[in-house]
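The structure displayed is predicted, hence computed values, not measured ones. First the proteins, then the strands, lettered A, B, ... as listed; each starts at 1.
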2 protein chains.
Amino acid sequence: MENLTERYDRILNAIVSSYICSAEPVGSRTLSRNAAFKLSPATIRNVMADLEDLNLLCQPHTSAGRIPTDKGFRYYVDHLMELPELPETVQEKIRMACASHQGNMEEMLKDGIMALSQLAPYVSVVSLPHFNQATLKHIRFVRLNDRQILAVMVSGSGSVQNVLFEMDTVFVQDDLNRFSNFLNQMVDGLTLEGVKRKIFSQMKADKDAYDSVMSQVLRLSQKMLDQRAGDDSEIMIDGKLNILEHPEFADLDKMKQLFRAFEEKNIMVKLLDEAQKGEQLQVFIGVENQCEEMNLCSVVMADYGQEGQPMGKIGVIGPTRMEYSRIIPLVRYTAEVINQLMDNS
Amino acid sequence: MENLTERYDRILNAIVSSYICSAEPVGSRTLSRNAAFKLSPATIRNVMADLEDLNLLCQPHTSAGRIPTDKGFRYYVDHLMELPELPETVQEKIRMACASHQGNMEEMLKDGIMALSQLAPYVSVVSLPHFNQATLKHIRFVRLNDRQILAVMVSGSGSVQNVLFEMDTVFVQDDLNRFSNFLNQMVDGLTLEGVKRKIFSQMKADKDAYDSVMSQVLRLSQKMLDQRAGDDSEIMIDGKLNILEHPEFADLDKMKQLFRAFEEKNIMVKLLDEAQKGEQLQVFIGVENQCEEMNLCSVVMADYGQEGQPMGKIGVIGPTRMEYSRIIPLVRYTAEVINQLMDNS
DNA sequence: TGTTGGCGCTCTATGCTGATGAGTGCTAAT
DNA sequence: ATTAGCACTCATCAGCATAGAGCGCCAACA
């Protein structure tokens with residue numbers, strides 16, 4: 001979208017801002033009274049008509065004020081809005097929330113999105129680091145009974161995952177401890193994917209020596225990896241109830257649709273996966289969202305994770321009429337805080 | 001509530017049944033047409049007036065039909081309804097759902113309530129076994145780094161709990177393995193509460209021998225127990241969206257209130273804790289619920305766990321206009337299936 | 001040429017009206 | 001004890017008029 005003249009910018013800006021506050025269509029009189037620009041309603045009407053031709057505004061019905069289209073919001077986000085610094089109190093609140101569970105990744109993220117949805121009347125989501133891609137720090141096997149074994153895996157970032165699986169051979173705990181130690185040396189620093197590959201190739205090389213420690217470790221590991229459902233995308237959501245405050249979802253059907261989407265994990269996964277281009281922070285407005293279920297919503301999303309190696313995404317979902325200028329810094333800052341805390345641990 | 005004559009029973013029964021199906025007030029004509037009893041509308045009106053005097057029925061407004069009061073539903077549940085056997089297909093479905101994750105308590109319960117809320121248009125809940133009360137089968141310590149240690153506890157019923165804590169002494173994994181073995185012998189078969197007590201008394205007895213294995217194990221355990229938040233009531237909910245289908249929650253405010261209650265864990269804990277009298281299956285209708293938030297709902301709840309030693313509760317929440325005669329057998333059967341699967345494992 | 005005031009038009013929201021129908025309570029007859 | 005009949009109440013809905021917000025267009029003006 002090319003740029004507009006300054007007058008058009010100012011009027012569009014005023015309309016979007018007003019609509020974000022009030023959720024009501026904005027009329028030319030109202031704008032004119034808003035003394036900032038000394039133009040008569042008629043002049044403003046002309047401008048509005050032009051903006052409507054450009055598909056930046058639309059009317060719910062003849063003789064109503066204008067409301068921004070998704071494209072209008074897009075133009076606002078790209079060209080018009082200002083991003084004020086977050087107040088120190090807000091920054092403080094986010095830092096405190098995330099720091100309260102340092103070392104425990106999952107808790108930290110949970111507190112992070114909880115803070116987000118307290119600071120803004122929207123829904124916040126976060127995807128947990130894919131365990132598959134995380135570097136492993138520990139694997140330990142615990143014997144539950146003759147058949148069942150529990151594997152406990154800890155990633156570099158402190159996430160813990162338990163896998164329960166069964167073996168037809170009986171092991172005693174001391175064996176398992178030895179296997180654990182052995183495996184730990186072998187996998188240290190690899191990702192789970194890497195471990196899979198390594199084990200697979202070792203299996204081939206080693207397939208004759210059925211009784212060696214190595215061989216037993218490999219069998220154990222493979223059973224464990226088989227048991228793990230391949231895709232462990234985990235997502236947490238907070239502040240679902242906030243959505244009920246917004247008039248655009250007062251309609252029961254729209255609300256149902258949205259809540260259904262929140263419940264369906266794969267929809268949410270798809271939503272968060274949309275942004276992959278390595279952009280640090282992305283905004284999807286209304287129909288820009290690939291999932292139809294979210295076509296009435298906007299999503300502000302940021303990557304978290306080490307530089308160049310994103311581990312997950314954190315974001316906020318709200319109506320297209322969202323306070324972008326407040327939410328964008330909020331999401332960005334939260335992602336930064338998470339990054340810092342991860343580095344320190 | 002004392003008994004009524006048979007005619008009153010039959011009419012009340014018909015009204016409640018009809019209202020459960022239709023959610024509409026029931027008028028005397030409709031009932032009269034319902035040829036089962038050959039009475040004129042006028043006669044039925046007289047009976048209905050009497051039932052209203054007894055507070056079993058009420059009218060939304062003059063000249064509307066009658067709807068049952070909470071007390072009316074209670075009388076229906078206690079005296080009138082019949083509990084048909086569950087169809088074999090339904091039993092099968094529940095068994096399959098629960099059995100699919102045998103050995104993993106949490107997954108089994110999750111699948112159980114998922115089945116419940118697919119078989120009935122209501123919300124189902126389950127409280128996980130209190131880890132505090134479960135008998136322990138294993139404790140293992142995993143070294144994460146110089147300070148951090150991860151404890152993995154497995155209960156007799158197969159629940160797993162991870163606790164991350166810090167020590168100021170540095171241990172190597174081999175030490176921790178020895179401690180694990182030691183502790184396992186000491187705690188086998190005790191509940192976590194029992195372990196706490198045992199450790200506390202041993203600490204006293206042993207406080208001089210600071211360096212002994214025993215002493216180190218005790219310090220480790222205590223740190224771990226301190227770290228665990230005292231109350232680990234966990235609750236899972238499924239089928240929240242079902243509630244949206246019922247006209248009694250078409251009103252946005254009522255719906256918000258209910259969803260708010262679902263989100264607030266302590267409200268749900270309180271709800272499930274209400275039933276403690278050792279009754280195997282309990283029904284709470286409308287205002288009988290202690291939590292105000294649930295005064296428009298009924299709750300059908302059953303204990304699961306070994307005979308005489310309940311481990312948790314499983315239940316269904318719906319409008320007071322709930323299909324009690326279907327839900328009660330459903331909840332009861334699900335609890336039984338869970339019990340059986342737990343015994344087998 | 002850009003801006004403005006004025007006029008007529010459109011559409012929504014609101015409130016009033018009367019008709020309709022479901023359902024009741026009461027009474028008198030069976 | 002039961003029933004038929006009648007008058008009454010109340011919610012719901014369609015129909016209609018009114019008020020008000022807001023627009024587009026046009027002619028006048030700087």
J.: Between the side chains of Asp238(B) and Ser117(B), does any donor sit under 3.5 Å from an acceptor?
T.: yes
J.: How would nucleotides 13-30 of chain D be written as a contact map, 5' to 3', with B for base contact, S for sugar-phosphate-only contact and - for no contact, using protein heavy atoms under 4.0 Å?
T.: --------BBBBB-----
J.: Give a yes-or-no answer on whether the side chains of Thr5(A) and Asp9(A) include a donor-acceptor pair shorter than 3.5 Å.
T.: no
J.: Quick one: sort the Phe259(A) and Phe259(B) rings into parallel, tilted or perpendicular, breaks at 30° and 60°.
T.: perpendicular
J.: Below 4.5 Å, heavy atoms only, C-beta onward: do Leu116(B) and Ile314(B) meet side chain to side chain?
T.: yes
J.: Before you tell me yes or no, could you show the steps for Glu24(B) and Tyr19(B) under side chain to side chain contact (heavy atoms under 4.5 Å, CB included), namely the whole-Å CA-CA distance, both residues' side-chain angles and the distance that decides it to 0.1 Å?
T.: CA-CA 6 Å; Glu24(B) 296 288 318; Tyr19(B) 184 66; 5.6 Å; no
J.: Without decimals, in angstroms, what is the distance between Glu24(B) CD and dA11(D) P?
T.: 15 Å
J.: Is there a donor-acceptor contact under 3.5 Å linking the side chains of Asn13(A) and Tyr76(A)?
T.: no
J.: I need the minimum non-hydrogen distance between Val77(B) and Met81(B), along with the two atoms involved.
T.: O-CE, 3.4 Å
J.: Would you call Val26(B) and Ile67(B) a side-chain contact if the rule is heavy atoms closer than 4.5 Å?
T.: no
J.: Going 5' to 3' along DNA chain C, which nucleotides are the first and last within contact of chain A (any atom under 4.0 Å from a heavy atom)?
T.: dT3(C) to dT12(C)
J.: Taking the six-membered ring for Trp, are Tyr122(B) and His246(B) parallel (under 30°), tilted (30 to 60°) or perpendicular (over 60°)?
T.: parallel
J.: If I compare all heavy atoms of Glu293(B) with all of Ala261(B), which pair ends up nearest, and what's the gap?
T.: CB-CB, 3.8 Å
J.: For DNA chain D, what residues of residues 7-16 of chain B have any heavy atom nearer than 4.0 Å?
T.: Arg7(B)
